[in-house]
Novice: 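So that we are looking at the same thing, I have put the structure below in structure tokens.
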Number of protein chains: 2
Amino acid sequence: MAVPAIDDVELPAVLHALADPVRLEIVRLLDQRGESTCSALGLSQSPATLSHHMRVLRESGVVATRLEGTSRPSRLRRDDLQRRFPGLLDAVLRSRR
Amino acid sequence: MAVPAIDDVELPAVLHALADPVRLEIVRLLDQRGESTCSALGLSQSPATLSHHMRVLRESGVVATRLEGTSRPSRLRRDDLQRRFPGLLDAVLRSRR
DNA sequence: TTATTTCTTCGATGACCGTCGAAATAGGGG
DNA sequence: CCCCTATTTCGACGGTCATCGAAGAAATAA
């Protein structure tokens, strides 16, 4: 669950994380619903695949995950990202599908 | 040299195009120097590799290329991108390296 | 302790990607 | 027409990636 310090987050890694349609959908859902678990998002991929995508999002600096009983709710690192790359996440989230 | 209509440009494709460090550098240089050719940017990759990257940027909707004699200067599609994904290119270009 | 739930890790598979040399293309100048 | 210059295309190579089933881990409930 360890997450990179925001100053260590790199732009290409963030862009790569957001460039996958499934991960982009995860980010949009986390934006709409706030903190949420993988499985509660209702996506059709296997748990293994979703866990992989969450890991990419976490390691790139986009989300943070905490441990709550047997589940692991994640949230967007909105404030951190806004400090590091001002306007980037907003532009992505505001973009028309 | 054909370029996608701006309404057909897709966000994952743009993010994928910008997620590569070499292409990100091309975009930053095109931003600083304006319209420019592949070879004039002074990058160390082979012409074949740079041509490949320009193609990815062109097909994703990030740059447009015109034909001028034997060379092919490219430019950022700033206005188109601003209409399609407001604030996105600005956020990427303004981000600290 | 045993079973259940939730998620992660492992291993494999098929697809895609960055890179470059070599060959092809195309315009401009003699 | 031939050559030079700038770029693209082709084919290949090694590496990375998305996907998923199966097995593992970890907390909770019975």
Side-chain angles (χ1 to χ4, degrees), chain A residues 1-4 10-30 33-77, chain B residues 1-4 10-30 33-77:
Chain A
M1 307 305 89
V3 115
E10 307 220 359
L11 183 58
V14 171
L15 295 174
H16 172 257
L18 297 174
D20 179 85
V22 174
R23 290 194 291 264
L24 192 54
E25 185 61 21
I26 291 175
V27 167
R28 282 178 161 136
L29 290 170
L30 288 180
R33 333 240 271 239
E35 192 183 52
S36 177
T37 66
C38 242
S39 56
L41 295 177
L43 298 171
S44 55
Q45 279 77 8
S46 75
T49 299
L50 294 178
S51 181
H52 160 72
H53 285 311
M54 272 305 184
R55 194 229 277 242
V56 173
L57 288 170
R58 195 182 316 121
E59 293 184 345
S60 67
V62 177
V63 311
T65 306
R66 69 188 175 87
L67 217 133
E68 190 184 65
T70 81
S71 73
R72 285 154 176 83
S74 298
R75 64 174 177 83
L76 286 180
R77 294 177 66 183
Chain B
M1 308 304 90
V3 118
E10 307 218 0
L11 183 59
V14 171
L15 294 175
H16 172 257
L18 298 174
D20 179 85
V22 174
R23 289 193 293 264
L24 192 54
E25 184 62 22
I26 291 174
V27 167
R28 283 179 160 135
L29 290 169
L30 288 179
R33 330 241 273 241
E35 192 183 52
S36 178
T37 66
C38 242
S39 57
L41 295 177
L43 298 172
S44 54
Q45 280 76 9
S46 74
T49 298
L50 294 177
S51 180
H52 161 71
H53 285 310
M54 273 304 185
R55 194 228 275 245
V56 173
L57 289 170
R58 196 183 315 121
E59 292 183 346
S60 67
V62 177
V63 309
T65 305
R66 69 188 175 86
L67 217 135
E68 189 183 67
T70 81
S71 72
R72 285 153 177 83
S74 298
R75 63 173 179 82
L76 285 181
R77 293 177 66 183

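Sequence lines set the chain letters: A, B, ... in the order given, protein chains first and strands last, and positions in each chain run from 1. Note that these values count all heavy atoms, side chains included, but never hydrogens, waters or copies made by symmetry. For clarity, every value in this text was computed on a predicted model and none was experimentally measured.
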Novice: A/Leu24 versus B/Pro12: any side-chain heavy-atom pair under 4.5 Å?
Specialist: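 SC-SC contact between A/Leu24 and B/Pro12 confirmed.
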
Novice: Please list, one pair per line, the donor and acceptor atoms closer than 3.5 Å that link side chains of residues 63-71 of chain A to other protein atoms, with sequence neighbours excluded.
Specialist:
unit_1  : atom_1 : unit_2  : atom_2 : d
A/Thr65 : OG1    : A/Arg58 : NE     : 3.1
A/Thr65 : OG1    : A/Ser74 : OG     : 2.8
A/Arg66 : NE     : A/Glu35 : OE1    : 3.4
A/Arg66 : NE     : A/Glu35 : OE2    : 2.7
A/Arg66 : NH1    : A/Glu68 : OE2    : 3.4
A/Arg66 : NH2    : A/Glu35 : OE1    : 3.0
A/Arg66 : NH2    : A/Glu68 : OE2    : 3.1
A/Ser71 : OG     : A/Glu68 : O      : 3.2

Novice: List for me each residue that meets salt bridge (Lys or Arg N to Asp or Glu O under 4.0 Å) alongside A/Glu25, sequence neighbours excluded, and say none if there are none.
Specialist: A/Arg97

Novice: Mind calculating the distance between CD (A/Gln45) and P (D/dT19) to the nearest angstrom?
Specialist: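 The answer, rounded to whole Å, is 5 Å.
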
Novice: Which heavy atom in A/Val62 sits nearest to a heavy atom in A/Ala17, and how many Å separate them?
Specialist: CG2-CB, 4.4 Å

Novice: Tell me, please, the opening and closing nucleotides of DNA chain C, 5' to 3', among those with an atom under 4.0 angstrom from a non-hydrogen atom of chain A.
Specialist: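 Range of nucleotides within reach of chain A: C/dT5 to C/dT9.
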
Novice: For A/Val3, does its backbone N or O pair with a side-chain atom of A/Arg77 as donor and acceptor, under 3.5 Å?
Specialist: no

Novice: Give me, pair by pair, the N or O atoms of the protein and of nucleotides 9-14 of chain D that are less than 3.5 Å apart, along with how far apart they are.
Specialist:
none

Novice: Please produce a list of atom pairs where a protein N or O lies less than 3.5 Å from an N or O of nucleotides 23-28 of chain D.
Specialist:
none

Novice: What are the residues of residues 16-26 of chain B, sorted by number, that bring a heavy atom to within less than 4.0 Å of DNA chain D?
Specialist: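 Output list: empty, so none.
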
Novice: If you measure from CG on B/Leu57 to CG on B/Asp20, what distance do you get to the nearest 0.5 Å?
Specialist: 8.5 Å

Novice: Of all the base pairs, Watson-Crick or G-U under 3.5 Å, which form stems of three or more consecutive pairs involving DNA chain D?
Specialist: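 Stems for DNA chain D, defined as runs of 3 or more consecutive pairs: C:1-30 with D:1-30.
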
Novice: Can you check whether B/Thr37 has a side-chain N or O nearer than 4.0 Å to OP1 or OP2 of D/dA6?
Specialist: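 It does not, given that no N or O in the side chain of B/Thr37 lies less than 4.0 Å from OP1 or OP2 of D/dA6.
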
Novice: Which donor-acceptor pairs under 3.5 Å do side chains of residues 47-55 of chain A form with protein atoms, sequence neighbours excluded?
Specialist:
unit_1  : atom_1 : unit_2  : atom_2 : d
A/Thr49 : OG1    : A/Ser46 : OG     : 3.1
A/His53 : ND1    : A/Arg23 : NH1    : 3.1
A/Arg55 : NH1    : A/Glu59 : OE2    : 3.3

Novice: Could you state the interatomic distance from SG (B/Cys38) to CG (B/Leu30), rounded to the nearest 0.5 Å?
Specialist: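 Rounded to the nearest 0.5 Å, the SG-CG separation comes out at 9.0 Å.
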
Novice: Regarding B/Ser46, tell me which of base, sugar-phosphate or nothing describes its non-hydrogen contacts under 4.0 Å with the strands shown.
Specialist: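 B/Ser46: base contact, heavy atoms under 4.0 Å.
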
Novice: According to the salt bridge (charged side-chain N to carboxylate O under 4.0 Å, His left out) rule, which pairs have a member within residues 38-50 of chain B, sequence neighbours left out?
Specialist: none

Novice: When rounded to the nearest 0.5 angstrom, what is the spacing between OG in B/Ser60 and CG in B/Leu15?
Specialist: 9.5 Å

Novice: Looking at residues at least two apart in the chain, or sitting in another chain, which of them share a salt bridge (Lys or Arg N to Asp or Glu O under 4.0 Å) with B/Arg72?
Specialist: none

